[in-house]
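Below: the structure, in structure tokens.
Being a predicted model, the structure only gives us computed values, none of them experimental. Here is how names work: the chains are called A, B, and so on, in the same order as the sequence lines, proteins then strands, and each is numbered from 1.
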Number of protein chains: 2
Amino acid sequence: MGGEVLEFAILGLLQQSPMHGYELRKRLAEVLGGLRSISYGSLYPALKRLHAAGLVTTDEPDRRAPLPADAPPLTGRRGKVVYTITAEGKERFAELVSQAGPEAYDDGRLFGVHLAFFRHTAADVRLRILEGRRRTVERQRDGLRSSLARTRERLDRYTLELQRHGLDSVDREVRWLSELIDSERRQPGPGPGERPPPGGE
Amino acid sequence: MGGEVLEFAILGLLQQSPMHGYELRKRLAEVLGGLRSISYGSLYPALKRLHAAGLVTTDEPDRRAPLPADAPPLTGRRGKVVYTITAEGKERFAELVSQAGPEAYDDGRLFGVHLAFFRHTAADVRLRILEGRRRTVERQRDGLRSSLARTRERLDRYTLELQRHGLDSVDREVRWLSELIDSERRQPGPGPGERPPPGGE
DNA sequence: CGGTCGATGTATCGGGACGATACATCGGGA
DNA sequence: TCCCGATGTATCGTCCCGATACATCGACCG
């Protein structure tokens, strides 16, 4: 069940408007946090899975023409394919967006997608996800801290620096989450269905 | 050519002393930065590749010999496989450790392994890797920054926060690298061959 | 003495991700 | 006109990971 991250993100983007793969990929890069852009080798298979599962449809009905063995150069038209979310897709997305347990925040990438689509998430679920994520990351930080304490004598300065930097990053993440939580408590964002994106498309 | 990270790290650890897989995995987790522990589903295939390439050997030559019941089954030894680096393995490791170009620092994971084995790296190569890494990360930061500036109006507060946090992390990494560089320039660590690990086993 | 529990330990499998690569169209500037 | 860079779809080989299975061992407990 590993590969839900990409599917989730795709459904979220298609929720906003139909798109073709190329644009999907660019938007994905924004949504997934700026670094880590998704490769086409992941994207197209994911779209294929979603299509097979009936969660998205494409225009372009019959591209798989039965080409003969000694076919002509096949310089046939390879057109744009626009993907649109289906009713089942929206259903599935609503289901994913309403998850508030560990499956929503234990995996950092999955948490990132949840965060990216918080606009579609109920305010109380948002808070539970943020707090759950903070607990998870705090546990990571503690593990890292004690591991660093244990190995402090055994490792050379460079490895130690690497660990220290990692610990610092995790620590910063906890603080970042705390700020998000505070801000969310002070003034919850608009709930699902109350407001589309600020500027519009 | 993707999977050199793991091979590199394994060779580096086996350089210090022979080990079996289980311990290799624990050490790998330290070396790879604390988070991101390597799974056995990656480790054993990697060891198999290294073995096939002649870079490591195993004791335990014929484990698949049908033990007769009368043979006293050397208690405690049954099943463990100790991996030892070969001469070719050491050669390959020396080759990897002396790389100072983009292949050493463009990929963050590969850079991490280089850093973890800086003990075996010449002082000038160390500096070049650190500076190269800093340039790479600075470029990432700038890309992220301008992307954030471009999308500031279009995205909702949560996605923006995610991007801001990511940018902050990258920015911190640049500063961390700068500190490493300064420290390295002030007082270079011992060069290769000058010093084994500080505490020993 | 037996039981079982957690640490140690080796190994594989299915499925997903990724980098590389190929193929294809199109607007615009030299 | 011609090529170049952006847009665009798609696959292949290789690797990685989570899950799983299996096995041995020392220790603690009844």
Rounded interatomic separation in angstrom, taking CD from B/Glu4 and P from D/dC15: 10 Å
Nucleotide of C/dC18, D/dC16, C/dG9 approaching B/Ser42 most closely (side-chain heavy atoms): D/dC16
Residues forming a side-chain contact (heavy atoms from CB on, under 4.5 Å) with B/Asp168, sequence neighbours excluded: A/Arg172, B/Arg172
Among C/dG9, D/dT9, C/dA11, the one nearest B/Tyr22 by side-chain distance: C/dG9
Nucleotide nearest A/Lys26 (side chain, heavy atoms from C-beta), chosen from D/dC17, D/dT7, D/dT9: D/dT7
Sugar-phosphate only, base, or nothing, as touched by B/Gly21 at under 4.0 Å among non-hydrogen atoms: sugar-phosphate
Whole-Å gap separating P (C/dA7) and CZ (B/Arg25): 13 Å
For A/Arg164, all residues meeting salt bridge (Lys or Arg N to Asp or Glu O under 4.0 Å), sequence neighbours excluded: A/Glu161
Degree of bending in the helix from C/dC1-D/dG30 to C/dA30-D/dT1 once both end axes are built from five pairs, to 10°: 10°
Atom pair distance, as rounded to whole Å: CG in A/Leu110 and C1' in D/dG18: 15 Å
Residues that A/Thr57 engages under side-chain contact (heavy atoms from CB on, under 4.5 Å), provided they are two or more places apart: A/Thr84, A/Thr86
Any pair counted as salt bridge (charged side-chain N to carboxylate O under 4.0 Å, His left out), so long as it reaches residues 84-101 of chain A, sequence neighbours left out: A/Glu4-A/Arg92, A/Arg92-A/Glu95
Whole-Å distance separating the CD1 atom of B/Ile38 from the C1' atom of D/dG18: 13 Å
Contact residues, residues 44-57 of chain A to DNA chain D [heavy atom, < 4.0 Å]: A/Tyr44, A/Lys48
5' precedence on DNA chain C between A/Tyr40 and A/Leu6 (nearest-nucleotide basis): A/Leu6
Atom-to-atom span, CG of A/Leu28 to P of C/dC18 - whole angstrom: 10 Å
Listed nucleotide nearest any side-chain atom of B/Ser39, set C/dC18, C/dA11, D/dG18: D/dG18
d(CG, B/Leu43; P, D/dA19) in whole Å: 18 Å
All salt bridge (Lys or Arg N to Asp or Glu O under 4.0 Å) counterparts of B/Arg135, not counting sequence neighbours: none
Side-chain heavy atoms of B/Lys26 within contact of B/Met19, under 4.5 Å: no
B/Glu23 CD - C/dA7 P separation (whole Å): 17 Å
Rounded interatomic separation in angstrom, taking CG from B/Asp59 and C1' from C/dG9: 13 Å
Residues which pass side-chain contact (heavy atoms from CB on, under 4.5 Å) with B/Lys48, listed by chain and number, not counting sequence neighbours: none
Which nucleotide in C/dA11, D/dC17, D/dT9 has an atom nearest any side-chain atom of A/His20: D/dT9
4.5 Å side-chain heavy-atom contact, B/Phe117 and B/Gln16: yes
Nearest heavy-atom neighbours spanning A/Leu160 and A/Thr151: CD1-O, 4.3 Å
Results of ring-ring contact (aromatic ring centres under 6.0 Å, His included) for B/Tyr105 - residues two or more places apart only: none
